[in-house]
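Structure first, commentary second.
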Amino acid sequence: QVQLVESGGGLVQPGGSLRLSCAASGSIFNIYAWGWYRQAPGNERELVASILSVGLTDYAGSVKGRFTISRDNAKNTVYLQMDSLKPEDTAVYYCNAKDAISRMNYWGKGTLVTVSS
């Protein structure tokens, strides 16, 4: 099993920055893809950014150029650097991991990001 714990959320003004962290533990040796999703009230959960084990990254059009996903294998941690934040970015952000062998998806409990003046 894999356990994911997000941290770094909070209240920030428009134009500000936040860095989210996803700490992974357990049987993570077969994880081949990591992602950050978000869900705002009344909306569906959407994929914001992803990174493959080979290092390739992808972003939703709404965050491209403002957000950066990265990983630190030594620390078993995935990050989401969020710059130039907008009120529309307000949501609960979730970390996701996919296992190549079992095809299981693992989720964290989420961390709330609020962008408001």
Please list all pairs meeting disulfide (SG to SG under 2.5 Å) that have one or both residues in [range], counting only residues at least two apart or in different chains.
range           : answer
residues 48-93  : none
residues 34-71  : none
residues 18-117 : C22-C95

[X]: partners by side-chain contact (heavy atoms from CB on, under 4.5 Å), with sequence neighbours left out:
X    : value
S53  : Y32
S7   : S21
N43  : A40
S116 : L11, T114

Please tell me whether V92 and L47 are part of a single hydrophobic cluster in this structure, the criterion being side-chain heavy atoms less than 4.5 Å apart.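 As far as the 4.5 Å side-chain criterion goes, L47 and V92 are connected within one cluster.
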
Sort and list the pairs that fulfil salt bridge (charged side-chain N to carboxylate O under 4.0 Å, His left out) and have at least one residue in [range], not counting sequence neighbours.
range           : answer
residues 65-83  : R66-D89
residues 91-117 : none
residues 40-58  : R38-E46

Just jot down the ring pair (Phe, Tyr, Trp, His ring centres under 6.0 Å) partners of Y37, sequence neighbours excluded, or say none.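 Applying ring pair (Phe, Tyr, Trp, His ring centres under 6.0 Å) to Y37 gives W107.
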
Members sharing M82's hydrophobic cluster (side chains within less than 4.5 Å):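 Result for M82 is V2, L4, V12, L18, L20, I28, I31, W34, W36, V48, I51, Y59, V63, F67, I69, V78, L80, L85, Y93, M104, Y106, V113, V115.
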
How many angstroms lie between OG in S117 and CD in Q13, if you round to the nearest 0.5 Å?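 Answer rounded to 0.5 Å: 7.0 Å.
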
How many angstroms lie between CD in Q81 and OG in S70, if you round to the nearest 0.5 Å?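 Rounded to the nearest 0.5 Å, the CD-OG separation comes to 8.0 Å.
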
